[in-house]
Amino acid sequence: MVDVVTNNKAESRYEVHVDGELAGFLEYRDVAGVLALVHTEVDEAYAGQGLGAQLAKYALDDVMARDVKISPLCPFVAKYIDKHPEYRVTIR
């Protein structure tokens with residue numbers, strides 16, 4: 001099983017693929033220069049395998065690299081940030 005996370009700008013979402021198939025995504029919206037992370041969804045066939053965490057980490061690393069402000073509206077992402085102090089000061 002190979003998983004790849006990418007930024008699908010056309011669909012305004014970060015996507016995780018397993019064996020070439022879409023397995024989950026994290027939707028975002030650009031609201032006045034703030035990236036709002038609004039919804040995470042992982043296919044139930046991959047539930048509990050950490051794909052949601054991979055999406056959250058990829059999104060937060062991408063935001064930090066681009067020095068963009070975020071609003072973690074998605075409860076999953078907000079919980080992920082709370083568990084990973086390396087993201088707290090930089091992007092909140």
Side-chain angles (χ1 to χ4, degrees):
M1 175 165 80
V2 177
D3 44 86
V4 177
V5 183
T6 58
N7 184 353
N8 182 341
K9 293 178 183 175
E11 297 289 331
S12 297
R13 65 188 190 182
Y14 298 100
E15 297 178 342
V16 62
H17 292 83
V18 175
D19 294 332
E21 298 294 323
L22 180 65
F25 58 88
L26 169 55
E27 291 180 343
Y28 61 82
R29 300 288 178 265
D30 189 338
V31 182
V34 175
L35 200 66
L37 304 175
V38 296
H39 177 70
T40 303
E41 190 171 315
V42 174
D43 188 298
E44 62 185 43
Y46 301 103
Q49 296 183 24
L51 298 184
Q54 286 185 35
L55 285 165
K57 182 182 183 322
Y58 184 93
L60 295 170
D61 287 343
D62 182 53
V63 167
M64 288 174 64
R66 294 190 291 137
D67 197 27
V68 177
K69 293 184 180 182
I70 70 158
S71 176
L73 302 177
C74 172
F76 180 86
V77 177
K79 285 181 188 177
Y80 184 86
I81 290 172
D82 288 341
K83 292 178 181 177
H84 296 274
E86 65 271 23
Y87 295 112
R88 286 185 196 154
V89 175
T90 309
I91 58 176
R92 272 199 162 174

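Throughout, numbering of the chain's residues begins at 1 and tracks the sequence. Note that these values count all heavy atoms, side chains included, but never hydrogens, waters or copies made by symmetry. Everything numeric here is computed off the predicted structure, so don't read it as measured data.
- Side-chain heavy atoms closer than 4.5 Å link hydrophobic residues (I, L, V, M, F, W, Y) into clusters, and following such links, possibly through other members, connects Tyr46 to Leu55.
- Note on Val31 and Leu26: separate hydrophobic clusters, where clusters join Ile, Leu, Val, Met, Phe, Trp and Tyr whose side-chain heavy atoms are under 4.5 Å apart, directly or indirectly.
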* **Criterion side chain to side chain contact (heavy atoms under 4.5 Å, CB included) on His39 and Phe25, from CA distance to verdict** => CA-CA 8 Å; His39 177 70; Phe25 58 88; 3.9 Å; yes

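- By the 4.5 Å heavy-atom criterion applied to side chains, Ile70 and Ile81 are counted as neighbours.
- Sorted by first and then second residue, the pairs that involve residues 52-64 and meet salt bridge (charged side-chain N to carboxylate O under 4.0 Å, His left out), not counting sequence neighbours, are Lys57-Asp61, Asp62-Arg66.
- In the hydrophobic clustering of ILVMFWY residues, with side-chain heavy atoms under 4.5 Å counting as a link, Val18 and Leu22 come out apart.
- Using a 4.5 Å cut-off on side-chain heavy atoms (C-beta onward), Leu60 and Tyr80 make contact.
- Applying the side chain to side chain donor-acceptor pair (under 3.5 Å) test to Glu27 and every residue at least two apart in sequence or in another chain returns nothing.
- Applying the salt bridge (charged side-chain N to carboxylate O under 4.0 Å, His left out) test to pairs two or more places apart or on separate chains, none has a residue in residues 35-47.
- A continuous path of Ile, Leu, Val, Met, Phe, Trp and Tyr side chains, each step under 4.5 Å between heavy atoms, connects Met64 with Val5, placing both in one hydrophobic cluster.
- Listed by first and then second residue, the salt bridge (charged side-chain N to carboxylate O under 4.0 Å, His left out) pairs involving residues 6-15 are Arg13-Glu15 (not counting sequence neighbours).
- In this structure, Leu35 CG and Ser71 OG are separated by 9.5 Å, a value rounded to the nearest 0.5 Å.
- Val34 and Val77 are not part of a single hydrophobic cluster, where members link through side-chain heavy atoms under 4.5 Å apart.
- Scanning both residues, Ala36 and Leu73, for their nearest heavy atoms gives CB-CD1, 3.8 Å.
- Around atom CG of Asp67, no more than 12 heavy atoms belonging to other residues, nucleotides or ligands sit under 6.0 Å away.
- Smallest separation of non-hydrogen atoms from Thr40 and Cys74: OG1-SG, 3.2 Å.
- For Tyr14, the ring-ring contact (aromatic ring centres under 6.0 Å, His included) partners two or more places apart in sequence, or in a different chain, are Tyr28, Tyr58.
- Closest heavy-atom contact between Ala78 and Pro72: CB-O, 4.0 Å.
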